[in-house]
Amino acid sequence: REGLLAAAEYLKELAKNGGTVVFVGTKRQAQPVLTEAVAKVKAALPEGSNFYNLIDRWSGGFLTNFDTIKRNNLDEILKLQEDIASNNFVTKKEKLLAQRKLDKYTRVYGGIVGLTKLPDAVFLIDIKREDLAVKESVRTNRTIVAIVDTNTNPEPVKYQIPANDDAVGSVKIILDYLVDAWIEGRQEWYKLDKSKSSETKPEQKSPTIEKPLKKPKETKKK
């Protein structure tokens, strides 16, 4: 429990200070849980709130070769979106091919579109599966927050959350708690200094979490 509390406090402060984190959950059990978390953040915060995610797969070189990933994939997604919206094509076939390319790129990189520099941190649901993400995070000196199961080496993880990373129920409890912390921190960031970001706050006020973070339910290890 102490690990989860520390991780949540870190993410809250990171969000409060305008930082960025990428939530990674590519294993089958984690994908629907992370998808729900993404929807939760979108409902609570304005667009562009720096809640990035990778659900389909980790793209090799994402951290160690970020400039190339951004140029060849993230920027390309934005260009394709603009071309399709403006119908900048001579034939219907060109537009169809562009849409197919956009769909392909979005499946892998859609959750990190808008990221302009290396994230401050990564959250990993399964560090054994995401071993490449761990290695790249270490090489680029990114802070790692992760669920740490008994069959993994926790050494590279700064904020360790001991739990069963195969138990959907445990993963959901942990992710919900961390997401609530992120939302709370980001809402405070909007209130403290809107000029820190070019994000535009919509007319409709985002919900405010007034109560302090409750202690999470116990999670069982294997």
Side-chain angles (χ1 to χ4, degrees), residues 20-137 139-140 142 146 165-166 168 171-172 175 179 182-183 186 197-202 204 206:
T20 54
V21 61
V22 176
F23 280 68
V24 183
T26 66
K27 65 192 299 182
R28 181 177 54 82
Q29 302 96 312
Q31 288 176 334
V33 179
L34 184 51
T35 299
E36 289 179 10
V38 172
K40 183 177 184 179
V41 175
K42 287 183 177 180
L45 296 172
E47 291 185 13
S49 297
N50 296 353
F51 184 83
Y52 300 106
N53 59 89
L54 286 171
I55 297 176
D56 185 76
R57 64 180 176 85
W58 177 270
S59 179
F62 169 49
L63 297 180
T64 54
N65 199 18
F66 177 76
D67 289 341
T68 300
I69 294 290
K70 179 180 180 300
R71 182 175 61 253
N72 293 345
N73 300 289
L74 307 187
D75 292 347
E76 180 67 10
I77 288 176
L78 295 175
K79 181 180 182 301
L80 287 168
Q81 289 175 336
E82 182 179 350
D83 287 345
I84 292 171
S86 303
N87 198 27
N88 294 331
F89 305 99
V90 177
T91 66
K92 290 183 179 180
K93 182 177 180 180
E94 288 180 346
K95 185 175 182 178
L96 177 61
L97 292 175
Q99 184 63 59
R100 288 177 178 174
K101 186 176 182 181
L102 175 61
D103 293 342
K104 179 181 177 181
Y105 278 33
T106 300
R107 185 175 65 254
V108 179
Y109 302 102
I112 55 174
V113 171
L115 192 61
T116 58
K117 61 180 182 179
L118 284 174
D120 299 293
V122 295
F123 168 74
L124 307 174
I125 291 177
D126 184 340
I127 59 175
K128 187 175 182 180
R129 177 184 174 88
E130 312 297 349
D131 61 322
L132 183 56
V134 173
K135 292 176 182 177
E136 291 193 22
S137 297
R139 286 184 61 184
T140 56
R142 302 299 97 185
D165 58 29
D166 287 320
V168 177
V171 172
K172 180 172 175 53
L175 195 53
V179 166
W182 177 265
I183 291 173
R186 186 58 94 205
S197 171
S198 59
E199 297 172 14
T200 302
K201 192 172 183 179
Q204 183 179 359
S206 56

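Both backbone and side-chain heavy atoms feed into the values below; hydrogens, waters and symmetry mates do not. The chain is numbered in sequence order, starting from 1. Note that the structure is predicted; figures quoted are calculated from it, not measured.
Closest of all the heavy-atom pairs between Thr140 and Leu63 is CG2-O, 3.6 Å. Closest of all the heavy-atom pairs between Leu74 and Leu115 is CD1-O, 3.8 Å. Gly25 approaches Leu34 most closely through the heavy-atom pair N-CD2, 3.4 Å. Of all the heavy atoms in Asp165 and Ile125, the pair that sits closest is CB-O, 3.3 Å. In terms of heavy atoms, Ala37 sits closest to Val179 at CB-CG2, 3.8 Å.
Scanning for salt bridge (charged side-chain N to carboxylate O under 4.0 Å, His left out) contacts around Lys101 gives Glu76, with sequence neighbours left out. For Thr106, the side-chain hydrogen bond (donor to acceptor under 3.5 Å, both in side chains) criterion is met by no residue, not counting sequence neighbours.
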Decide side-chain contact (heavy atoms from CB on, under 4.5 Å) for Ile69 and Ser59; before the verdict, give the C-alpha distance in whole Å, the side-chain angles of both, and the deciding distance to 0.1 Å. CA-CA 9 Å; Ile69 294 290; Ser59 179; 3.8 Å; yes
Given side-chain contact (heavy atoms from CB on, under 4.5 Å), test Leu78 with Gln81 step by step and report yes or no. CA-CA 5 Å; Leu78 295 175; Gln81 289 175 336; 3.7 Å; yes
Report the C-alpha distance between Ile84 and Phe89 in whole Å, list the side-chain angles of each, state the deciding distance to 0.1 Å, and finish with yes or no for side-chain contact (heavy atoms from CB on, under 4.5 Å). CA-CA 8 Å; Ile84 292 171; Phe89 305 99; 4.0 Å; yes
Report the C-alpha distance between Lys70 and Asp75 in whole Å, list the side-chain angles of each, state the deciding distance to 0.1 Å, and finish with yes or no for side-chain contact (heavy atoms from CB on, under 4.5 Å). CA-CA 6 Å; Lys70 179 180 180 300; Asp75 292 347; 3.2 Å; yes
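In this structure, the side chains of Val21 and Tyr52 stay at 4.5 Å or more apart for every pair of heavy atoms. Contact annotation: the side chain of Phe23 approaches that of Leu175 to within less than 4.5 Å [non-hydrogen atoms, C-beta and beyond]. Counting only heavy atoms from C-beta outward, the side chains of Val168 and Pro32 never approach each other to under 4.5 Å. By the 4.5 Å heavy-atom criterion applied to side chains, Asn53 and Val24 are not counted as neighbours. Taking 4.5 Å as the limit, every side-chain heavy atom of Thr35 sits out of range of all side-chain heavy atoms of Val33. The shortest distance between side-chain heavy atoms of Glu136 and Arg142 does not fall below 4.5 Å.
The side chain to side chain donor-acceptor pair (under 3.5 Å) pairs that include a residue from residues 88-97 are Asp83-Asn88, where partners are two or more places apart or lie in different chains. Listed by first then second residue, pairs satisfying side chain to side chain donor-acceptor pair (under 3.5 Å) with a partner in residues 110-123 read Thr20-Asp120, not counting sequence neighbours. Contacts classified as side chain to side chain donor-acceptor pair (under 3.5 Å) and involving residues 123-132 (residues at least two apart or in different chains) are given here: Thr26-Arg129, Thr26-Glu130, Lys27-Asp126. Among pairs with a residue in residues 62-84, those fulfilling ring-ring contact (aromatic ring centres under 6.0 Å, His included) read Trp58-Phe62, at least two apart in sequence or across chains.
Residue Leu54 holds its CG atom at 11.5 Å from CD of Gln31, rounded to the nearest 0.5 Å. Of the inter-residue distances, the one linking Lys135 atom NZ with Thr64 atom OG1 reads 11.5 Å to the nearest 0.5 angstrom. To the nearest 0.5 angstrom, Leu80 atom CG is 12.0 Å from Lys104 atom NZ.
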